[in-house]
Amino acid sequence: MTKGKKPSESYVGKSVRAKEARAPLIGKAKYTNDYSFEGQLYAYILRSPHAAAKINSVDLSGAKKISGVHLALCGRDVFEHTNGITDHLNPAIFGGKSTRLPIMAVDEAWCYGQPVAIVIAEDERTARYAASRIQVDYTPKEPVVDAEKAIAKGARSVVPEWDDNVLIYVPFMNGDTQAAFDQADKIVTTDVKIHRFSSQPMETRCYNAVWEHDTESITLYGTCQNPHPLRLVLAETLRMNENKIRIIASTIGGAFGLKMHGHPEEPLICLMTKLIRRPVKWVENREECLLIGAREQQHKVEMAFDSDGNMTGLRDHFLANIGAPSACPGWGMAFLTGLTMPGPYKVENIDVHMNAVTTNKPSWNAARGYGKESTAIALELAMDNAARQFGISPIDLRLKNFITKEQFPYPSPTGLVYDSGDYGGVLLKALETIGYEDWKDKQKAALAEGRHIGIGMAFELTPEGGTIPGTMVAGYDSSSVRVGPDGTVRVLTGITSPGTHNGTAIAQIVADELGIDMDRIEVLQGDTNSSPYGFGNYSGRSTIVGGGSAALAAKDVRDKINAVAAALLEVEIDTLSLSEGVFSSSDNGDATVTFAEVCYASYTRAYDVAMCIDPPLEATRTFKPPGISHLPDENGRINPYPSYSNAVYVVVCEVDTETGKIDLLSLAAAHDCGKVINPILVEGQVCGAFAMGLGGALTEDVQYDANGVQLTKSFKDYVMLRMADMPLVGMAHHDSPNPDNYLGLKGAGEAGVGGSAAALVNAVNNALEPLEVVIHEMPLTPSRVWSAIQNANNSEGVK
Amino acid sequence: MSLHPMYARPRNLEQASELLASLSSGAVIIAGGQEIMPYINYGVMMPDVYVDIGGIDALRGVSAETDEVSIGPLTVHRDIQNVEEIVERLPLLAYAAKQIGGGMQVHNRGTIGGNIVAMHPLYDVAPALLALEAEVELLSEKGSQRMSLSELQDLSNHGLGTSSILTKILVKPMSPTTLWGYYKLKNSAGAYGSANAAVVIQLDGENIKSIRVAIGAATEKVVVVSGNLDSYLGGPYSSEVGLAIQKTCSDAIGEPLSDQQGDGVWRKAMAGVAARRATEMALGKLNNSSSKG
Ligand SMILES: Cc1cc2nc3c(=O)[nH]c(=O)nc-3n(C[C@H](O)[C@H](O)[C@H](O)COP(=O)(O)OP(=O)(O)OC[C@H]3O[C@@H](n4cnc5c(N)ncnc54)[C@H](O)[C@@H]3O)c2cc1C
């Protein structure tokens, strides 16, 4: 093998500025909404104002009369032209229920905000105005809003043909949990309530469907994370051939899972262009974006401990209020919450039951963490609760119960196989990063002045790169590397970027493999007509499989280039070296040839010096992470994840006990995502995760009234944290490389929402310990914290 | 409701007033647009005519006489925060304007007139102006009219309708010995206030000579508490007096607001806390860590 760049010149491991960041920063990024075409039309979707209602009639005549309106359709009209939307993840595969998922409500609306009619007009205002002229006659029904009530005897089924509202029930059982509880020295019960909070990308969803007259096909410019799988869904739903659909996923202004497909607007806008044969665009507004739910779970975590504080049994029967049926993969979050129990703890006796409950609330979609954040919240709140009850330090209790370094690969009681890690090491590093002992002193000093500072920590295990057999959630992915005759490179990937700049990380990897400058590399993603078939981004997979496959392809191309270089210099390949774009040989004195000359020769001298290769300088390769196993073990369990990232988050805050307001004082994280390709990219993700998790724990909350009508409609009520709320994040990396993946990658980017949220709640409870106040219900709004303090004061008074 | 609205930009007050009188209820005055544009963008409002008052010079500028500061309603928040006449003579108002959220754009475009006319209970300008006993001048078809801001607040629930223009805000300058405080309790940096209290105090030696508190974000309208505080006059401030002021102010909140930032019980209690903290700020007793609103 030839030497490439000297190791000191390698890009991997360096904080290289993101290539893709320039355009958004200077306002030149081309987001989906920036595409407009001749004859562009606009859609407005009329939505149900009721959570549950019979639709008696839809009168579109008022809308059709408005000048500038091209088309107005109701749910039934759309139904005639389409099939039900293909599930992203069909619950029936896992033993759950399924139903036909119409694009718009037909005869019956099953949640607030469900599409009921659509208007296409010359401009957005006209479409919206015309939609206000549509008369829909509803007979409202008593909605099913609450998960507990939804599974109570006699509850009305949200989907009439179902016997009950449980979309799917999955038990995760191992060992003899009952015995563990019977013999326990101490049992700690923690009721954890996680509210509905989602992810709110700055760029809302947008679809612009263009009819291509020449090929009688559709090009969809869309905010989507998985262009190829979406293409199949569209083909099936629209009754078209898949090869008549092209998807272009342009720059994405944040995705977080919310732009994974299954949304009714995707086939709906395509159908419009198919019917009208003009480009049709729809842009989601913030109120619509807030309809997409996630994470609303109720846990009852019971932990059994022996007298030494070893956890011997874990029980958690939890409910997830997943809303109305949907083709989006949101419900799977609840599944993963169960599957990833008991997280980092070595307890073997577990009895975890997951009930994903269908209600008349709007449905979930995937949200960063994909259920694993809820596992972290439930477990870590419970661990702190246990430590409090034992009167021991939350650090010691965790260290005692963590899986140890030597135990990897570790088979989890739900069938997962954790690849590697040093959980205790990560915890200690995070505490060191924040200056734990210092803060303990400051806490004591503050308390003496009547101020309440709290320090909280939480662990999050984040399996990454997941795949589910029989679905388009695949574990592998492919990339092409194409080196042109001038020696510049195009990398095309099947993965896409949700705005995390994985293209830069992939360019770093390819530059190192080819031994050339990074600025000679362009990474192209998201166009189904040019990218290799791929599955896009989810589950922190993009650098593992996108980077891994690009590395393999680059190696193949490099072999061809080496062969031609050797032929040109008339030397053996293993005598070559490449430095600063110039090949030389230890066997041929001063003779040199540039990388670009070799590439040109590879294209132009196919019948003499380049006879040794098959032109062009291109290769497409796939990386299939070997850690995944879909072959069931003796208990029928599989390991759908190739890697298990993990991290510890620490939060220091002060609670103003007079108002209940929480001020953040300091934040830190120690993170194990295997080999770090680019520290600034990883750290950026961790900071973002902190902002999302803390925002969720403190303020972000999508509320509905008792009738299932959405109350939270804008950023006035859904308040995300701002720079001014956030202290700087102290970051430490604690890599334990994945033994199987390229460069030891584990995946970064998805982790942190649950860990940071749980650390905040733990910090607040730590701050309030002197007042004997404990809160396990999120979000920790000032009024909730204040009420808890008042109640404690009052009961004090009664004593 | 109109799909094809018209736009007018009158050049003087007479034109504007005549135009408004001639138009039906579909007309809307627009100043900085920071209030109504979000509604229009969301399709909640579809006016027939926009009457842009931005071209009327008479509505601009700040002038200070010995006994009155006159503020043109088109003065934007950024200027309220920085103009010398206001910073020196009405420091409470300048400080309250700094607490307005929404970032640079809102500060550079949003006007004090628009803020007052919107009569939104969560806003920051009205508590400060009510604590300062400000007056306003209105122009309608019937002519010009001057009244206290407090009267205007009692008269109307939502703005001035489409027939009147707010032409001036008039405030007596604060004397250099006037003590003042403003405390905005908000859940996070991006949230509206949940209790906004403005306080103006005069001392006679150590003793409180007068105290006036205005509390926003607690009820539909800004609540002014002054007479109820009379029992604390004539004596010095103490922490007991502070707690008593807190209770009196909290008790003054009749039907508290309840929104996603917090429920009514908490809101009512916080009105008192904010009032006490604003008072402590005025008296220089609030430490810096808890005064950052
Ligand atoms: C993101 C955001 C955050 C904000 N946060 C805060 C905050 O924290 N605190 C706060 O106090 N405010 C806040 N605001 C509100 C902002 O201060 C006001 O919207 C702004 O001051 C309104 O002024 P404008 O000139 O832009 O009003 P416009 O939108 O132009 O008008 C507002 C209303 O007043 C009427 N109007 C305007 N001028 C006159 C006049 N001279 N005579 C008669 N009628 C008139 C208009 O017809 C309209 O009804 C926020 C706004 C935004 C968008």
Side-chain angles (χ1 to χ4, degrees), chain A residues 44 66-69 121-133 285-287 446 449 451 654 656-665 694-695 698-703 711-726 779-787 789-790, chain B residues 1-5 35 38-47 99 101-103 120 122-123 183-195 197 242-243 246 250 256-274 276-277 280 286-287 289-293:
Chain A
Y44 185 85
I66 306 293
S67 127
V69 169
E122 293 286 337
D123 60 76
E124 238 173 308
R125 282 166 55 81
T126 305
R128 183 166 63 197
Y129 179 73
S132 71
R133 298 298 160 106
N285 64 36
R286 190 54 65 184
E287 184 175 339
E449 296 169 15
R451 286 167 50 217
E654 177 168 353
D656 178 344
T657 51
E658 215 175 23
T659 62
K661 192 183 162 184
I662 295 156
D663 270 325
L664 299 169
L665 302 182
L694 297 172
L698 288 168
T699 66
E700 297 175 37
D701 185 8
V702 185
Q703 295 186 353
L711 297 175
T712 310
K713 297 184 173 190
S714 76
F715 284 167
K716 184 172 161 288
D717 289 321
Y718 193 86
V719 186
M720 295 187 283
L721 295 191
R722 304 291 201 272
M723 287 294 279
D725 294 306
M726 289 269 298
L780 299 181
T781 56
S783 65
R784 172 167 287 139
V785 173
W786 178 83
S787 310
I789 296 170
Q790 294 296 307
Chain B
M1 284 252 284
S2 173
L3 252 185
H4 308 287
E35 186 69 28
Y39 291 117
I40 289 162
N41 289 338
Y42 250 165
V44 177
M45 256 175 103
M46 291 182 89
Q99 312 311 311
H120 201 296
L122 305 183
Y123 287 179
Y183 190 87
K184 179 175 188 175
L185 175 67
K186 53 179 181 172
N187 290 3
S188 63
Y192 280 96
S194 299
L243 289 173
Q246 171 174 340
S250 175
L257 289 176
S258 172
D259 61 23
Q260 221 173 312
Q261 301 306 311
D263 59 33
V265 180
W266 177 73
R267 259 345 215 292
K268 190 172 158 75
M270 290 309 109
V273 172
R276 196 200 77 227
R277 289 186 177 181
E280 289 170 347
L286 196 67
N287 61 31
S289 71
S290 40
S291 69
K292 56 172 193 209

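Reckoned from all heavy atoms, side chains included, excluding hydrogens, waters and symmetry mates. To find a chain, count down the sequence lines: A is the first, B the second, and so on, and within it residues start at 1.
If you measure heavy-atom distances from Arg784(A) to chain B, you find no contacts under 4.5 Å at all. Only the side chain of Ile66(A) comes within contact range of chain B, with heavy atoms under 4.5 Å apart. For Asn41(B), the part lying under 4.5 angstrom from a heavy atom of chain A is the backbone only.
For chain B, the option among Lys716(A), Arg125(A), Arg128(A) with the highest count of heavy-atom pairs below 4.5 Å is Arg128(A). Highest contact tally toward chain B, considering only Asp123(A), Thr699(A), Thr659(A), Val719(A), is held by Thr659(A) [criterion: heavy-atom pairs under 4.5 Å]. Ranked by heavy-atom pairs shorter than 4.5 Å toward chain B, the options Ser787(A), Ala724(A), Gly695(A), Pro782(A) are led by Pro782(A). Put simply, of Leu721(A), Asp701(A), Thr781(A), the one with the most heavy-atom pairs under 4.5 Å next to chain B is Asp701(A).
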*Going through the checks in order, is the side-chain contact (heavy atoms from CB on, under 4.5 Å) test met by Trp786(A) and Asp263(B)?*
CA-CA 11 Å; Trp786(A) 178 83; Asp263(B) 59 33; 5.6 Å; no
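For the residue pair Asn285(A) / Glu287(A), no side-chain donor-acceptor distance below 3.5 Å is found, with atom types taken as modelled.
More than 12 heavy atoms of other residues, nucleotides or ligands lie within 6.0 Å of CZ in Phe715(A), so this atom counts as buried by the packing criterion.
Gly193(B) and Leu122(B) make their closest contact through O-CD2, 3.8 Å (heavy atoms, listed as atom of the first residue, atom of the second, distance).
Contact of the Val785(A) side chain with the Ile662(A) side chain is registered, since non-hydrogen atoms from C-beta on lie closer than 4.5 Å.
The OG atom of Ser194(B) sits 9.5 Å away from the CG atom of Leu257(B) when rounded to the nearest 0.5 Å.
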